[in-house]
Amino acid sequence: MYELTMDKWMDRAASETQLYQFVTIDNEKLSYRAHTATGQLYDAFHIVKDRKGNNSFFDGADKAIEERTSLPPRKLQEKTAEELKEYEKVYPNKQ
């Protein structure tokens, strides 16, 4: 459980959320699933390698629950107005 950083390097983030992951490999297919501590699917994708060695990415996040980027109340109080403004630029409309 971590606070999100301002250098958004991931496509799907989870602020202060416990997640556990499943990674499986079946022949040419790598699958990834992230679930919340209550078992809800949070993020998912798989990558398939074809016979020529090219990879195809398939995003499963559209079937997952809403992204959790809101800051908890204690973090909102700790940040300055400028820091909150910057956070909103990176993670818009999530407060």
Side-chain angles (χ1 to χ4, degrees):
M1 292 188 25
Y2 301 99
E3 182 177 334
L4 299 177
T5 63
M6 298 307 290
D7 57 340
K8 188 174 181 184
W9 55 270
M10 65 215 96
D11 289 335
R12 185 156 171 82
S15 174
E16 306 225 359
T17 301
Q18 293 179 344
L19 297 170
Y20 60 95
Q21 294 81 27
F22 293 97
V23 178
T24 59
I25 300 173
D26 185 20
N27 295 317
E28 289 78 30
K29 181 179 179 179
L30 180 144
S31 298
Y32 170 88
R33 293 186 339 260
H35 294 261
T36 66
T38 60
Q40 290 181 291
L41 179 64
Y42 189 76
D43 195 7
F45 66 83
H46 63 268
I47 300 170
V48 178
K49 183 177 284 195
D50 68 19
R51 292 181 182 182
K52 294 181 180 179
N54 300 312
N55 294 324
S56 297
F57 177 84
F58 301 91
D59 191 357
D62 59 337
K63 298 176 184 171
I65 61 177
E66 186 176 334
E67 187 174 33
R68 296 180 177 182
T69 58
S70 297
L71 291 170
R74 66 180 167 75
K75 291 292 183 179
L76 286 171
Q77 293 174 354
E78 293 173 5
K79 298 209 175 290
T80 66
E82 185 175 302
E83 289 171 328
L84 290 172
K85 186 176 180 181
E86 286 299 312
Y87 189 88
E88 183 66 23
K89 286 181 186 176
V90 178
Y91 304 102
N93 303 318
K94 300 295 183 177
Q95 298 301 329

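These numbers come from the heavy atoms of this one structure, side chains and all, not from hydrogens, waters or symmetry mates. None of the values given here were measured: they were computed from a predicted structure.
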Common cluster, [X]/[Y], ILVMFWY with side-chain heavy-atom separation under 4.5 Å:
X	Y	result
I25	I47	yes
Y20	Y32	no
L84	M6	yes
V48	V23	no
L4	L76	yes

Closest contact, heavy atoms only, [X] versus [Y]:
X	Y	value
R12	E66	NH2-C, 3.7 Å
Y91	T5	OH-O, 2.9 Å
E83	E78	OE1-O, 4.2 Å

Hey, could you give me the [atom1]/[atom2] distance between [X] and [Y], rounded to the nearest 0.5 Å?
X	Y	atom1	atom2	result
Q40	T17	CD	OG1	10.5 Å
R51	E28	CZ	CD	8.5 Å
T80	E86	OG1	CD	9.5 Å

Quiz item: Under the side chain to side chain donor-acceptor pair (under 3.5 Å) test, which residues partner T36, sequence neighbours left out?
Solution: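 Side chain to side chain donor-acceptor pair (under 3.5 Å) list for T36, sorted by chain: T38.
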Self-check item: Non-neighbouring partners of F58 that pass ring-ring contact (aromatic ring centres under 6.0 Å, His included), sequence neighbours left out
Solution: H46
Quiz item: How far apart are the C-alpha atoms of T69 and V90, what are their side-chain angles, what is the distance that settles it, and do they pass the side-chain contact (heavy atoms from CB on, under 4.5 Å) test?
Solution: CA-CA 10 Å; T69 58; V90 178; over 6 Å; no
Quiz prompt | The single option from E67, R33, H35 passing side chain to side chain contact (heavy atoms under 4.5 Å, CB included) against Y42 | solution = E67
Exercise. Please determine if K85 and E88 form a salt bridge, counting it only when a charged side-chain N lies under 4.0 Å from a carboxylate O.
Key: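 Between E88 and K85 there is no salt bridge, as every charged N stays at least 4.0 Å from the carboxylate O atoms.
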